[in-house]
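Residue numbering restarts at 1 for every chain, and letters A, B, ... go by the order of the sequence lines.
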Amino acid sequence: MNNFAYSRAADVADAVRQIAADRNAKFIAGGTNLIDLMKYDVERPVRLIDITRLPLRAVEETRDGGVRVGALVPNSDLAYHPLIEARYPLLASAILAGASAQLRNMASTGGNLLQRTRCLYFYDTATPCNKREPGSGCSAINGINRTNAILGTSEACIATHPSDMCVALAALEATVHVAGPSGERCIDFADFHRLPGDTPDRDTNLESQEIITAIELPAKGFAENHSYLKIRDRLSYAFALVSVAAALEINGGRIRDARLALGGVAHKPWRDREAEALLQGAVPERTVFAKAADRLLRDAKGYAHNAFKIDLARRAIIRTLAQAANATPQIQSVKKIR
Amino acid sequence: MGSSIGAAGSRSESQAKPAAISITLTVNGESRTLSVAPWTTLLDLLRDRLDLTGTKKGCDHGQCGACTVLLDGRRVTSCLTLAVMKDGAEIVTIEGLANGDADALHPLQKAFIEHDAFQCGYCTPGQICSAAGLIAEGRAKTADDIRELMSGNICRCGAYPNIVAAIQEAMDAMGGRR
């Protein structure tokens with residue numbers, strides 16, 4: 001880890017002032033990803049601005065029936081919060097599918113959104129990587145790409161976003177609240193993370209002088225018909241090869257509203273409105289689940305080691321939609337997929 | 001942590017040598033005031049400055065759990081924790097788990113011995129501190145729950161069945177639910 005200066009932010013305005021004053025500074029909260037990347041020399045900030053003393057730890061109901069989550073709420077506290085357990089069990093389940101108990105105790109809500117890819121080559125400073133070093137090339141496209149993306153890739157980058165929590169937040173259509181030098185703004189979750197295109201060094205649309213202050217969940221939580229299914233190389237504490245968040249609103253034997261988001265397959269949590277539209281109004285059964293899966297995966301592209309993900313994703317989508325429709329969500333401590 | 005800051009750029013700013021910072025921690029019940037460089041991890045501070053070598057450095061990347069300690073009562077990986085950020089915190093390591101009495105054993109320590117829940121022992125302090133955190137969290141009710149919620153602690157010897165049995169016994173002894 002390189003030497004760096006350290007300072008504490010007194011409030012949000014002070015944090016924004018400090019980050020604006022030093023373009024090679026970074027905010028630190030939980031640090032579970034940043035410290036790791038610094039130990040690998042992937043990140044080399046000259047200053048860390050400690051934001052853990054900011055008053056961003058509340059989980060509170062909003063006037064329009066939603067819930068606002070402060071950016072510093074630890075992942076474990078969020079997953080086990082009574083409001084989240086009762087009204088957004090899909091989010092609670094996705095959080096508990098990620099990382100380990102220790103890391104969930106440390107990692108912040110805002111930081112979870114900003115974690116970087118676990119592509120092998122992003123971490124290996126001896127190899128080219130357009131995300132780490134723009135213009136140097138992508139080692140994964142012709143390399144060991146078993147864990148890499150199958151959707152929304154570019155010639156420059158086939159990395160995936162590693163978060164589980166974000167897959168649920170995408171399905172729930174959360175909003176990201178941020179503050180910057182020119183004030184506050186809200187970013188729809190679908191617009192927060194980016195596709196790699198020819199600028200894979202930019203993971204998100206957060207500006208360099210902005211800070212995440214909160215995540216807001218809309219009133220609709222799909223608490224009755226939902227499931228988060230994560231498929232990975234070992235049964236716990238591993239990143240997803242494919243994960244699926246499914247949320248359905250079922251009324252009178254038909255699907256009235258449907259959300260489907262995938263993790264482990266793209267540079268951002270992947271949603272496909274056309275696939276979701278195929279589910280709207282349909283009787284919840286396997287044939288329509290399969291149609292939605294085929295639509296979502298119609299442009300999927302496999303590479304030398306990850307083409308298996310296309311069929312895996314198709315099966316996982318069908319299974320997760322069935323779990324959601326049957327109100328038998330995957331329980332993260334039970335490893336049998338039902 | 002904005003991603004765009006990760007883009008290539010000049011690192012010429014702020015290159016003056018950063019100053020050490022004074023922090024006070026309560027470690028196993030004892031108040032310790034130390035001057036630390038910002039890049040010192042809690043793990044290195046415990047082992048190299050306070051001579052508390054019970055906490056182990058395994059992977060040093062938060063993947064193995066050998067460095068698990070209790071920070072304000074919650075289990076964390078000390079290798080990914082910067083000491084400067086924890087000014088005022090209360091730390092409990094394996095040395096302090098049995099209320100600082102060097103001859104006493106915590107119910108988890110007793111249960112690990114009774115169940116032969118280790119072979120080489122390197123992961124054991126982390127396993128035990130993690131299990132103490134798990135019991136305090138009160139979320140584990142079944143053996144499946146224990147396995148899932150202990151997945152941040154790797155045992156290369158593969159003592160897992162005995163580790164789960166030891167934790168179940170200690171959880172019962174401590175009045176927790178199985």
By side-chain hydrogen bond (donor to acceptor under 3.5 Å, both in side chains), A:S243 pairs with (sequence neighbours left out) A:Y228
Could you look at A:L235 and say if it's the side chain, the backbone, both or neither that has a heavy atom under 4.5 Å from chain B? backbone
Cut-off 4.5 Å, heavy atoms of chain A, and the answer for B:I21 is side chain
Please tell me if the side chains of B:L149 and A:R104 come closer than 4.5 Å, counting only heavy atoms from C-beta onward. yes
Can you sort out the partners of B:Q119 under side-chain contact (heavy atoms from CB on, under 4.5 Å), two or more places apart, ordered by chain and number? B:C157
With a 4.5 Å limit on heavy-atom distance, are the side chains of A:S236 and B:R147 in contact? no
Do A:Q102 and B:N153 meet the criterion of a side-chain donor-acceptor pair at a distance under 3.5 Å? yes
Hey, does B:T41 have a side-chain heavy atom less than 4.5 Å from the side chain of A:M1? yes
Which residues from residues 71-80 of chain B are near chain A, with near meaning under 4.5 Å between non-hydrogen atoms? B:R74, B:R75, B:V76, B:T77, B:C79, B:L80
I need the contact set between residues 48-62 of chain B and chain A: heavy-atom distance under 4.5 Å, sorted by residue number. B:D60, B:H61, B:G62
Applying a strict 4.5 Å limit to non-hydrogen atoms, the region of B:L82 in contact with chain A is side chain
Validation row: A:L96, B:R139 side chains within 4.5 angstrom (heavy atoms): no
